[in-house]
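Written out below as structure tokens is the structure these notes cover.
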Amino acid sequence: MSIPSFTLSRQMALLSPAIGDRLTEVMASGQFILGPVVTQFETEIATVIGARHAVGVANGSDALYLALLALGIGPGDEVLTTPFTFFATAGSILRTGAKPVFTDIQLDTFNMDPDIALARVTPRIRAMLPVHLFGLMTDMTALARGYAGPIVEDAAQAIGASLYGHAAGTMGSLGCFSFFPTKNLGAFGDAGLVTSEDGALAAKVRVLRVHGASKKYFHDTLGINSRIDAVQAAILSVKLPYLAEWTKRRIAVAARYTKGLTQLGVSEIVCPITPEGFVHVFHQYTIRASRRDALAAYLKEQGIGTTVYYPLSLHLQPVFKDLGYKAGDFPHSETAQETVLSLPMFPELLDSEVDQVVQAIAAFYGHRA
Ligand SMILES: Cc1ncc(COP(=O)(O)O)c(C=O)c1O
């Protein structure tokens with residue numbers, strides 16, 4: 001039996017009827033952008049995340065851009081971020097006219113190393129943009145210990161994650177989420193969210209998402225068109241009550257992978273860790289593997305899907321060449337890009353499928369399975 005890296009079909013079998021009913025209601029309402037369905041979703045998700053304010057936007061990339069705009073980030077400013085992430089993180093900084101400044105990750109968490117980050121802070125750094133990669137939060141406490149400026153959390157992959165009880169999206173000045181269909185909470189297209197504990201910042205994002213108009217057709221500032229559709233909000237509202245259960249299952253799947261790989265003594269790979277005090281929500285279960293590409297090819301032959309997130313660090317991407325970085329600048333990020341492999345991960349994955357993946361990895365490295 002083949003095992004996909006990710007699939008929504010098992011989840012859809014469960015949710016289709018309820019989603020169909022909600023969509024019928026939205027169709028009948030005739031209100032497709034913002035409106036009461038969106039307002040209700042914003043209230044519900046703020047409660048689930050534990051954030052004071054939540055503003056629905058068109059996608060996670062816009063969430064980041066709007067959060068930076070709300071902080072007044074623009075040309076001449078620098079924003080400190082990680083090179084080991086999806087493009088949108090640093091892309092959003094460039095979009096404001098500011099300059100991304102990269103800082104290396106910790107190899108065991110794949111997140112910004114707080115000690116290195118704090119050493120790179122200069123007066124030109126106007127904000128930090130850490131990413132809670134793969135569902136594990138960056139150590140926000142360590143960052144805040146040495147940096148008092150604004151922090152925007154890229155929590156696109158980390159809904160439900162926490163650090164000593166503090167939820168992702170509530171520790172920084174603003175938090176940014178993506179509801180891209182493959183995320184832990186996924187829409188039927190693009191959708192995103194900005195959270196904040198600060199009412200004034202949240203209000204700015206609300207204005208910025210409608211072309212900077214605090215009153216219809218009266219524009220105080222330059223914003224963009226970035227609203228969440230009522231259809232997406234309705235779908236997300238149906239899915240929201242399942243999120244805690246799905247997260248629990250992701251954590252159980254991750255534990256089974258780690259136990260299986262450890263018990264089989266597969267020393268050629270390193271399993272992801274969850275440091276003390278953190279809740280990892282395992283958007284991805286990402287190992288570091290020697291002979292990564294050969295392993296991925298072998299697993300593919302066995303019908304097992306895997307993905308490399310991410311094959312090229314941002315400081316080496318052509319789009320950022322004017323920033324002047326070169327190979328060797330961020331050794332941990334570059335080691336990660338050569339060795340990471342994300343194994344199948346979704347809540348509906350069966351224990352027997354996890355075991356099959358573990359045994360296939362063991363077989364590749366020649367261990368007794
Ligand atoms: C870390 C990270 N940041 C930002 C984004 C951008 O989100 P979206 O695809 O909704 O624009 C994503 C997801 O794709 C992501 O994984």
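Both ligands and their constituent atoms are indexed starting at 1 by order of listing.
Annotation: side chain to side chain donor-acceptor pair (under 3.5 Å) contacts involving residues 9-28, sequence neighbours excluded, comprise Thr7-Ser9, Arg10-Glu353, Gln11-Lys239, Arg22-Glu25.
The pair Arg256-Asp355 meets the salt-bridge criterion, since a charged nitrogen lies less than 4.0 angstrom from a carboxylate oxygen. Asp322 has no carboxylate O lying under 4.0 Å from a charged side-chain N of Lys99, or vice versa, which leaves the two without a salt bridge.
The side-chain hydrogen bond (donor to acceptor under 3.5 Å, both in side chains) test applied to Asn111 returns no partner, not counting sequence neighbours. With sequence neighbours left out, Arg124 forms a side-chain hydrogen bond (donor to acceptor under 3.5 Å, both in side chains) with Glu78.
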Run through all N or O atoms in ligand 1 and write down each protein N or O closer than 3.5 Å, as a pair with its distance.
from: ligand 1; atom 1: 3 (N); to: Asp154; atom 2: OD1; distance (Å): 3.2
from: ligand 1; atom 1: 3 (N); to: Asp154; atom 2: OD2; distance (Å): 2.8
from: ligand 1; atom 1: 7 (O); to: Ser178; atom 2: OG; distance (Å): 3.4
from: ligand 1; atom 1: 10 (O); to: Gly60; atom 2: N; distance (Å): 2.8
from: ligand 1; atom 1: 10 (O); to: Ser178; atom 2: OG; distance (Å): 2.7
from: ligand 1; atom 1: 11 (O); to: Gly60; atom 2: N; distance (Å): 3.3
from: ligand 1; atom 1: 11 (O); to: Ser61; atom 2: N; distance (Å): 2.8
from: ligand 1; atom 1: 11 (O); to: Ser61; atom 2: OG; distance (Å): 2.5
from: ligand 1; atom 1: 14 (O); to: Lys183; atom 2: NZ; distance (Å): 3.1
from: ligand 1; atom 1: 16 (O); to: Gln157; atom 2: NE2; distance (Å): 2.9
from: ligand 1; atom 1: 16 (O); to: Lys183; atom 2: NZ; distance (Å): 3.4

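Relative orientation of the Phe86 and Tyr310 rings is tilted, given thresholds of 30° and 60° on the angle between their planes.
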